[in-house]
Peer 1: 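Got a structure for you, questions after.
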Amino acid sequence: MSISITTPLYYVNDKPHLGSTYSTIATDAYARYLRLKGKDIIFVTGVDEHGQKIQRTAALKGISPSEHCNDVSKKYLELWDKWKITNDRFIRTTSESHKKLVEEFFLRVKAKGDIKLGNQQGWYCVGCEEYKDVDDTDEEPNCPIHLNKLEWRDEENLFFCLSNYQKEIETLVRSKYFIQPESRKNEIVNFVSKGLKDFSISRVDVTWGISVPGYQGHTFYVWFDALLGYLSSLLPKEEEVKLDNLSKYGWPANVHIIGKDILRFHAIYWPAMLMSANLELPNKVFGHGFLTSEGQKMGKSLGNIIDPEKLLEIYGEDAIRWYLLSDIKFGQDGDFQNQRFCDLVNSNLANTIGNLLNRTIAMSRKWFNCCVPIFTYKEESNSLMSKANVSIEEVINYYDQLSFKEACQSILNLASSANLYLNDKEPWKLIKEDSNKEKVAYYIYNVLESCRIVSLLINPVVPNLSLNMLKQLNLESQINDWNKYLNWGHLNQGAELTEPKPVISKIE
RNA sequence: GUCAGUGUAGCUCAGCUGGUUAGAGCACAGCAUUCAUAACGCUGAGGUCGAGAGUUCAAGUCUCUCCACUGACACCA
């Protein structure tokens, strides 16, 4: 039975930014981890292509909305390709199957009695494109951002009766693992406890969207469209679009990995919608933090926007993945600092891990015929093996909880232990006495074996580095299966070792 | 405005129920050193723990006030 994991479906109003790249990288790391453990997963990403903003952006560019969507969606596809993201699906909400699914979903929810016609009233700012909360006594309110006058709008909309699910949602959001991280869970619990209001699911002034069946002039508004992409993405192309088929193809999602800004919609609206449609709920919703650049919010006006594509061209995916996943606690906000980024990549990947492999292969080749040592010698306790076993257990645990930073730390600890082990054993001194050769063989083997474990454990985070390391150990074939190889002793004595080259070069 | 969270070495962060000289990693300095990507290892310098007051034999750790930042407070894709 397969399970799905998802990134947000990114809004194609503009080209991809670092934030969406961050979500995608994290989800990719998790997907890679699950696959290594042998799980049958479907990694879903995609784009949300409807709405007024897109309609307007396209008009501004003098092209049709669909042209605009094609352009931007293509950019996303290309970018994920460049980053070597391993998504299995890429859903576009303008696709025909998605449209069918949305219609079916709506009819089901309507049949359940959870749809009603109502009026959306309020003070609307054209600039912000949203309704503003204003002081009731204010007869002519202004937008606090744009400072212009707000328009009074009274628009007929369809509503989803979220309030029907107050009890169920309350229970759900309080449950132990549904919302993560914990701090955000509290916000949501708080919010729900104040009482849920029905929300509108259609617009009458937006043409660029999916028409609501039976309601002339209405198109679906974001949440009743975009969120359903998680479902429509799962149906195989040849399969008839049917909600009942979903459980065969990976629904419910194991986790939705999203930015903290859209947590509420995923943790409250979405489950209620699914309940109404009689579908299973996702197991978990993880709202990660936002990135700043050198301590400041990224913004056009500040001109400090980090372009993920340029970043990739300069540094390559491993360096950036490592920095984002190993230095920023997943779930908290993070700051991209160029100096720190370079320092950490060089210190952790090139020095601690890369150089460890390099020095050990060099020794092994020099003293053991360009091969992994062959020996019969054994010591009673093998401290490195114990360290490796601890790391294996810890790292699996951390990955399971999406605690990438902690996982990376544990891997780094193992590599450091191996470096210390070498300095402690001093094989380069021992080897001067011929009688020590067995001992040296044993020590070198232990360190090489630790490198092998490191390379496997680190794979979800920095896949290229991992593969490079395994190649140098002549163990490329072990890359895809943790169940088989992620335990001590799978490095073969006497296997050939080629001349080591740095597995990752230093940056800047 | 209301509620919640954060504020600890240059940087990123640990410090549970209060208890000897406040910790780690990175960066920096010195030493050592070749097996290695000037890498690894060792040593060191660096903090009035946001500010002030209080409780206590004892507070980074509890209470109060203040300051700064962040988030939530419903339609922000």
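What you are looking at is a predicted structure, and each value in this text was computed from that prediction instead of being measured.
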Peer 1: Show which side-chain atoms of residues 434-442 of chain A pair as donor or acceptor with protein atoms under 3.5 Å away, not counting sequence neighbours.
Peer 2:
| from | atom 1 | to | atom 2 | distance (Å) |
| --- | --- | --- | --- | --- |
| N436(A) | ND2 | L430(A) | O | 3.1 |
| K437(A) | NZ | W367(A) | O | 3.3 |
| E438(A) | OE1 | T376(A) | N | 2.9 |
| E438(A) | OE1 | T376(A) | OG1 | 3.2 |
| E438(A) | OE1 | Y377(A) | N | 2.9 |

Peer 1: Can you measure Q52(A) atom CD to rC76(B) atom P for me and round it to whole angstrom units?
Peer 2: 10 Å
Peer 1: Take the protein atom CZ of F191(A) and the nucleotide atom P of rC76(B), then report the distance between them rounded to whole Å.
Peer 2: 13 Å
Peer 1: Which side-chain hydrogen bond (donor to acceptor under 3.5 Å, both in side chains) pairs, counting each pair once, include a residue from residues 494-508 of chain A, with sequence neighbours left out?
Peer 2: N351(A)-K506(A)
Peer 1: Rounded to whole Å, please give me the gap between CG in N186(A) and P in rG71(B).
Peer 2: 17 Å
Peer 1: Using the test salt bridge (Lys or Arg N to Asp or Glu O under 4.0 Å), find all partners of D205(A) that sit at least two apart in sequence or belong to another chain.
Peer 2: R153(A)
Peer 1: Using the P atom on both, measure rU20(B) against rA29(B) and round to a whole Å.
Peer 2: 34 Å
Peer 1: Let me check something: any side-chain donor-acceptor pairs from residues 179-190 of chain A under 3.5 Å, sequence neighbours excluded? List them with distances.
Peer 2:
| from | atom 1 | to | atom 2 | distance (Å) |
| --- | --- | --- | --- | --- |
| K185(A) | NZ | R174(A) | O | 3.1 |
| K185(A) | NZ | S175(A) | O | 3.4 |

Peer 1: Using 30° and 60° as the class boundaries, would you call the ring planes of F199(A) and Y269(A) parallel, tilted or perpendicular?
Peer 2: parallel
Peer 1: Tell me every residue that passes salt bridge (Lys or Arg N to Asp or Glu O under 4.0 Å) with D261(A), counting only those two or more places apart in sequence or in another chain.
Peer 2: none
Peer 1: So, Y315(A) versus Y323(A), ring centres under 6.0 angstrom or not?
Peer 2: no
Peer 1: Measure CZ/F224(A) against P/rA74(B) and give the value in whole Å, please.
Peer 2: 22 Å
Peer 1: Could you tell me the separation between the CD atom of E182(A) and the P atom of rA72(B), rounded to a whole number of Å?
Peer 2: 18 Å
Peer 1: Could you go through nucleotides 10-14 of chain B and list every protein N or O atom that sits under 3.5 Å from one of its N or O atoms, giving the distance for each pair?
Peer 2:
| from | atom 1 | to | atom 2 | distance (Å) |
| --- | --- | --- | --- | --- |
| rC11(B) | O3' | Q337(A) | NE2 | 3.3 |
| rC11(B) | O2' | Q337(A) | OE1 | 2.9 |
| rC11(B) | O2 | R340(A) | NH1 | 3.1 |
| rU12(B) | OP1 | Q337(A) | NE2 | 3.3 |
| rU12(B) | O4' | R340(A) | NE | 3.2 |
| rU12(B) | O4' | R340(A) | NH2 | 3.3 |

Peer 1: Given the P atoms of rA38(B) and rC28(B), what is the spacing between them in whole Å?
Peer 2: 15 Å
Peer 1: Going 5' to 3' through nucleotides 33-44 of chain B, assign each nucleotide B (protein heavy atom under 4.0 Å from a base atom), S (under 4.0 Å only from sugar-phosphate atoms) or - (no protein heavy atom that close).
Peer 2: --BBB-SBSS--
Peer 1: In whole angstrom, give the distance that lies between atom CG of N338(A) and atom C1' of rC26(B).
Peer 2: 15 Å
Peer 1: I'd like the C1' distance from rU63(B) over to rG18(B), given in whole Å.
Peer 2: 13 Å
Peer 1: May I ask you to verify if any side-chain N or O of Y221(A) is less than 4.0 angstrom from the OP1 or OP2 atom of rA74(B)?
Peer 2: no
Peer 1: Tell me the interatomic distance from L344(A), atom CG, to rA24(B), atom P, rounded to whole angstroms.
Peer 2: 17 Å
Peer 1: Once salt bridge (Lys or Arg N to Asp or Glu O under 4.0 Å) is applied, do any residues pair with E426(A), and if so which ones, sequence neighbours excluded?
Peer 2: K429(A)
Peer 1: Enumerate the residue pairs fulfilling ring pair (Phe, Tyr, Trp, His ring centres under 6.0 Å) with a member in residues 405-440 of chain A, sequence neighbours excluded, ordered by first and then second residue.
Peer 2: Y421(A)-Y443(A)
Peer 1: Nearest-Å distance, NZ (K53(A)) to P (rC75(B))?
Peer 2: 14 Å
Peer 1: With sequence neighbours left out, write down each residue that passes salt bridge (Lys or Arg N to Asp or Glu O under 4.0 Å) with K75(A), or none if nothing qualifies.
Peer 2: none
Peer 1: What I want to check is whether the side chains of S391(A) and S410(A) have a donor and an acceptor closer together than 3.5 Å.
Peer 2: yes
Peer 1: Sort by first number and list every stem of RNA chain B: at least 3 consecutive Watson-Crick or G-U wobble pairs, both distances under 3.5 Å.
Peer 2: B:1-7 with B:67-73, B:10-13 with B:23-26, B:28-31 with B:41-44, B:50-54 with B:62-66
Peer 1: Check ring-ring contact (aromatic ring centres under 6.0 Å, His included) between F191(A) and all other residues, then give those that pass, not counting sequence neighbours.
Peer 2: none
